[in-house]
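Just so you know, residue 1 is the first one in the sequence shown, and it goes up from there. As the structure lists them, so they are numbered: ligands from 1, and atoms in each ligand from 1.
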Amino acid sequence: MDNLQGILTEIVQEMGAREARGTVANYIPELAAVDPTKFGIAVALPDGRVLSSGDTDDVFSIQSISKVFTLAIALGRLGDQLWARVGREPSGQAFNSILQLEHEQGRPRNPFINAGAIAVTDAILAGHVPKVVLGEILHFVRTAAEDDDIHINKSVARSETETGHRNFALAHFMRAHGRLFNSPELTLGTYFHQCAIEMTCEQLARAGRFLTNAPGVPRMVSPDRVRRINAIMMTCGHYDASGDFAYRVGLPGKSGVGGGILCVVPGKASIAVWSPGLNAQGNSQLGTEAIEMLARQMGWSVFA
Ligand code: GLN
């Protein structure tokens, strides 16, 4: 652990020199404006230390990483009944694919593809107004990070509300199958706002500590549930590149189109990396390469 800071500094230098940085998500206009040369990485350790390097003061849009937090909230509220609404198998399809949903009668494969995450948000919305649910999601994230200075970027949420036609298609399709209980407008309004939560790498690394099950970290859900969330992160957290991420990195992770990745080293560390350029599967290109380098140098893997 002594050389961790040195490794992080080296990763920032190495990634800064790489030319192929992927492409910034442009289907959400507000995200298209983010500087593609940004890069930050942070590691939160169970003893309370957070080591970091690069652009660690910038906040970025966590986007689909929010799906980990809403899954934890939904499992807490519904328990195993959640699985009646969404599966837990890798999809092998793009994060915003419509194809599989039609084949499978509107039941999304897993909680991390868009359709599944929309179903999860719909489930936690039951009987509440969006404002209250968004307050609960923010409260969860702030408690996990032990930091109240975490907010939703309203411009990003608005930008996606205006352009999120594919997500509206998914929501309407599920509604047509009786699998969405609130109106698509209400559920997606909540979903777009949860995706628009912004954090720095350090805040995200801290917010992910509960997923390590390490002693002394905030206990947000039971250890048993943490294991299960990690299993879904490993199998589904990078969409149709989940197998590749497991092969290259060997750790549970969740990506977002804002260019962030949250990665868990069970019992040892929570890692957050941010580089806005995405690869063909919509995962941070340099973020993936950076975590691969970090995991290899630290000898971190769930596969011993
Ligand atoms: N808000 C984005 C969307 O629904 C999240 C996708 C992602 O981060 N992969 O398209």
Give the atoms of ligand 1, by number and element, whose distance to some non-hydrogen atom of [X] is under 4.0 Å.
X	result
G256	8 (O)
Y239	7 (C), 9 (N)
N167	3 (C), 4 (O), 10 (O)
C195	1 (N)
F95	6 (C), 9 (N), 10 (O)

If we ignore angles and hydrogens, is there a donor and acceptor under 3.5 Å between the side chains of Q194 and S66?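 Checked: Q194/S66 side chains pair up, N/O donor to acceptor below 3.5 Å.
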Just by distance, no angles: are the side chains of E202 and T200 close enough, under 3.5 Å, to form a donor-acceptor pair?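 The criterion, which ignores hydrogens and geometry beyond distance, is not satisfied for T200 and E202.
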Do E136 and R77 sit within salt-bridge range, that is, some charged N less than 4.0 Å from a carboxylate O? yes
The answer for which part of E160 has a heavy atom under 4.0 Å from ligand 1 is side chain
So, 4.0 Å and heavy atoms of N114: is ligand 1 close enough to count as a contact?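 Distance cut 4.0 Å: N114 passes for ligand 1.
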Quick one: does Y27 get a heavy atom under 4.0 Å from ligand 1?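 Yes.
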Nearest protein heavy atom with distance in Å, relative to atom 1 (N) of ligand 1: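 It is Q63 OE1, 2.5 Å.
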Do any nitrogen or oxygen atoms of S64 lie less than 3.5 angstrom from nitrogen or oxygen atoms of ligand 1?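 The answer is yes, given that S64 and ligand 1 share an N or O pair closer than 3.5 Å.
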Backbone or side chain, does any N or O of S255 fall under 3.5 Å from an N or O of ligand 1?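 In fact, backbone or side chain, S255 has no N or O that close.
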Does L82 reach the side chain of L71, with side-chain heavy atoms less than 4.5 Å apart?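 The answer is yes, as the side chains (C-beta and beyond) meet within the 4.5 Å cut-off.
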What I'd like to find out is whether the side chain of F210 reaches to under 4.5 Å of the side chain of R219, using heavy atoms alone. no
Has the side chain of S52 got a donor or acceptor atom that lies under 3.5 Å from a matching backbone atom of I41? no
Which value, rounded to the nearest 0.5 Å, describes the distance between K131 atom NZ and H193 atom NE2? 11.0 Å
Heavy atoms from other residues, nucleotides or ligands near CD of E185 exceed 12 (cutoff 6.0 Å):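 Buried by this count: over 12 neighbours within 6.0 Å.
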